[in-house]
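Here the structure is laid out as structure tokens; the discussion comes afterwards.
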Amino acid sequence: MNLIFHKNIQYYKFCLYGFFKNLRFFEPFLILFFLEKNISFFQIGVLYSLREIFVNIFEIPSGIIADSFGRKKSLILSFVFYIISFIVFYFSNSFILFLPAIICYAMGDAFRTGTHKAMIFDYLRMNNWDNQRVNYYGNTRSWSQFGSSVSSIIAALIVFYSGSYQSIFIFSTFPYFIDLIIISTYPKELDGINKKQENESIKKRLRQIIDNYFLSLKNKQILKAITNLSLHSGFHRSVKDYLQAVIQTFAIGIPILYSFTSKQKSSILIGLIYFLIYILTSVASRNAGKLKNKLNSIEKALNLTMMIGFFFAFISGIVFHYGFYLVSIIFFVLIFLIENIRNPIGVAYVSELFDDKILATALSTNSQAKSLFAAIIAPLLGLLIDKIGIGFSLSSLAIVIVILTPLFWAKSKNKSKS
């Protein structure tokens with residue numbers, strides 16, 4: 001009998017974790033912060049790529065550490081790296097100094113991604129709610145998006161009144177200290193360490209996890225599933241922050257708010273638009289399960305949303321190039337919605353294909369693939385923008401990826417065996 005999950009204390013801890021984790025006040029203004037420091041688009045792409053490369057380097061080791069030594073410790077270490085990163089950003093003013101800051105941020109990402117999702121799915125398994133993976137994860141993720149919407153308004157107020165993008169980094173440290181406290185209250189059974197393995201050597205446990213990991217990756221269906229999910233996510237991760245430049249261009253041209261500076265006008269519009277984005281993405285995440293049910297196939301949902309996402313990116317780039325900035329913003333927002341519909345569906349799909357014993361490692365592998373695609377796309381996009389502008393660069397990349405997408409169709413288990 002399928003049981004419906006209950007919104008108990010642990011459910012709300014998961015939700016609050018996501019809420020405070022997404023209070024990243026710097027996020028809606030990161031591109032503008034770099035541009036203010038005279039960093040070129042290519043250098044921005046390099047910083048983004050470096051972040052993804054270091055996430056890639058530490059992703060699998062961090063997943064293994066989480067599975068072997070405890071997920072709570074892994075998450076706590078993650079937030080320590082984040083806080084160090086924010087402090088370094090706050091005191092830095094050049095490309096060279098941004099390098100250690102972005103590396104620390106990458107370390108935070110590496111020790112976080114996949115680990116918390118694995119804790120959620122383990123909790124569902126313990127309570128016999130496995131069939132609720134899409135709905136439960138979609139609900140908890142919606143709190144993360146709500147946190148982002150609140151974050152965008154607070155960040156806009158900080159920039160508006162301080163006149164500085166730099167100060168938002170120091171404010172970002174406070175919610176991360178709160179998350180450290182929340183994580184420390186998680187029950188021990190979510191640590192992911194099997195009690196039967198307590199007497200086994202660390203070397204033996206690590207070897208077992210690594211062997212299971214490579215055994216799983218030999219499955220073509222798993223590889224296609226990870227690529228399907230991570231290709232769109234890597235693309236989204238590389239392009240999403242350029243919405244800030246699109247909004248800034250639109251803000252400068254609108255004939256209102258005469259008494260405000262360009263930075264103040266931009267901060268107001270960016271705050272409001274990002275607030276709207278994250279309210280919408282919160283709703284999208286919460287309803288991801290409904291889309292899967294309507295299409296009667298998790299694979300169809302993944303394939304359809306992937307194509308639609310790249311189509312929206314193509315349209316957004318074209319209309320921006322020809323000066324229809326508001327239309328470009330609308331399609332950019334739609335890209336965010338598609339990504340947040342895909343994420344809970346894709347994560348649930350990938351998690352079903354892996355052994356529960358190595359779930360943190362498996363989900364970290366998925367995040368690693370996102371980082372790999374983002375590391376390739378980010379500097380290429382930055383270089384193109386320096387040469388031909390944001391609009392054509394976005395559209396060109398979208399076309400190239402669309403041509404390749406049939407190679408990565410997600411297929412049902414029955415079809416994959418035929």
Side-chain angles (χ1 to χ4, degrees), residues 26-56 95 98-99 102-103 105-106 109 227 229-250 270 273-274 277 306-325 327-339 342 367-405 408:
F26 62 90
E27 204 163 48
F29 299 96
L30 187 57
I31 290 285
L32 302 184
F33 166 74
F34 285 138
L35 293 176
E36 186 180 59
K37 302 300 180 183
N38 297 315
I39 304 297
S40 70
F41 283 110
F42 175 67
Q43 287 176 316
I44 292 172
V46 170
L47 287 172
Y48 278 31
S49 182
L50 186 66
R51 177 188 67 191
E52 305 302 337
I53 288 170
F54 271 85
V55 169
N56 247 329
F95 176 74
F98 291 148
L99 295 177
I102 209 74
I103 291 172
Y105 188 87
D109 267 356
T227 305
L229 179 60
S230 59
L231 178 61
H232 187 278
S233 295
F235 177 82
H236 175 260
R237 190 179 290 185
S238 300
V239 307
K240 66 183 180 66
D241 288 346
Y242 288 99
L243 174 60
Q244 299 160 26
V246 175
I247 297 173
Q248 184 184 54
T249 303
F250 175 67
I270 288 173
I273 290 173
Y274 269 80
I277 285 173
M306 179 171 62
M307 292 299 293
I308 292 174
F310 291 131
F311 174 74
F312 286 160
F314 171 76
I315 296 297
S316 180
I318 288 294
V319 296
F320 176 82
H321 180 79
Y322 288 104
F324 299 100
Y325 303 129
V327 179
S328 179
I329 291 171
I330 291 171
F331 276 95
F332 231 121
V333 171
L334 291 174
I335 299 171
F336 277 76
L337 294 183
I338 291 296
E339 172 61 16
R342 281 177 57 80
S367 296
Q368 186 185 42
K370 294 179 187 179
S371 298
L372 177 61
F373 284 118
I376 295 170
I377 294 171
L380 177 60
L381 179 62
L383 184 61
L384 286 173
I385 291 174
D386 282 333
K387 300 293 183 181
I388 61 177
I390 293 175
F392 273 168
S393 300
L394 184 60
S395 296
S396 300
L397 277 176
I399 290 173
V400 171
I401 296 175
V402 164
I403 293 172
L404 298 175
T405 50
F408 313 121

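Taking CD1 of Ile318 as the start and NE2 of His321 as the end, the distance is 7.5 Å to the nearest 0.5 Å. Of the inter-residue distances, the one linking Ile329 atom CD1 with Ile247 atom CD1 reads 5.0 Å to the nearest 0.5 angstrom. Note: Leu35 CG to Gln248 CD = 7.0 Å, rounded to the nearest 0.5 Å. Once rounded to the nearest 0.5 Å, the distance linking CG of Asp241 with CG of Leu32 reads 9.5 Å. The line from CD1 of Ile388 to OG of Ser393 is 4.0 Å long, rounded to the nearest 0.5 Å. Atom CZ of Phe42 and atom CG of Leu381 lie 12.0 Å apart (nearest 0.5 Å).
Applying the salt bridge (charged side-chain N to carboxylate O under 4.0 Å, His left out) test to every pair with at least one member in residues 31-51, sequence neighbours left out, gives these pairs: Glu36-Lys263.
Contact record, Ser233 with Glu339: OG-OE2, 2.7 Å, taken as the closest heavy-atom pair. Among all heavy-atom pairs drawn from Phe373 and Gly234, the shortest one is CB-CA, 4.2 Å. The two atoms that bring Ile376 and Pro379 nearest to each other are O-CD, 3.7 Å, heavy atoms only. The two atoms that bring Gly317 and Leu394 nearest to each other are N-CD2, 3.8 Å, heavy atoms only. Closest of all the heavy-atom pairs between Gln244 and Ile31 is OE1-N, 2.8 Å.
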**Q.** Derivation and outcome, side-chain contact (heavy atoms from CB on, under 4.5 Å), residues Ile390 and Phe320
**A.** CA-CA 8 Å; Ile390 293 175; Phe320 176 82; 3.8 Å; yes
**Q.** Criterion side-chain contact (heavy atoms from CB on, under 4.5 Å) on Phe310 and Leu231, from CA distance to verdict
**A.** CA-CA 10 Å; Phe310 291 131; Leu231 178 61; 4.2 Å; yes
(Q) Between Leu47 and Phe95, does the side-chain contact (heavy atoms from CB on, under 4.5 Å) criterion hold? Intermediate values first, please. (A) CA-CA 8 Å; Leu47 287 172; Phe95 176 74; 3.7 Å; yes
Q: Determine, stepwise, if the pair Ile399 / Phe314 fulfils side-chain contact (heavy atoms from CB on, under 4.5 Å).
A: CA-CA 7 Å; Ile399 290 173; Phe314 171 76; 3.3 Å; yes
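Within the 4.5 Å cutoff, no side-chain heavy atoms of Ile338 are placed close to those of Phe311. The shortest distance between side-chain heavy atoms of Phe250 and Val246 does not fall below 4.5 Å. When side chains are defined from C-beta on, Ile335 counts as touching His236, because their heavy atoms get closer than 4.5 Å.
For Phe324, the CZ atom is loosely surrounded, since the number of other residues' heavy atoms within 6.0 Å does not exceed 12.
Ring to ring, Phe33 and Phe26 are not that close: their centroids are 6.0 angstrom or more apart.
Looking at residues two or more places apart in sequence or on another chain, you find a ring pair (Phe, Tyr, Trp, His ring centres under 6.0 Å) between Phe34 and Phe98. Under the side chain to side chain donor-acceptor pair (under 3.5 Å) criterion, Asp109 pairs with Tyr82, Arg112, not counting sequence neighbours.
Counting only distance, with no hydrogens or angles, the side chain of Ser316 and the backbone of Phe312 share no donor-acceptor pair below 3.5 Å.
Under a 4.0 Å N-O distance rule, the pair Arg237/Glu52 qualifies as a salt bridge.
Phe332 and Phe336 have tilted rings, their planes meeting at an angle from 30° to 60° on a 0 to 90° scale. Phe41 and Tyr242 have tilted rings, their planes meeting at an angle from 30° to 60° on a 0 to 90° scale.
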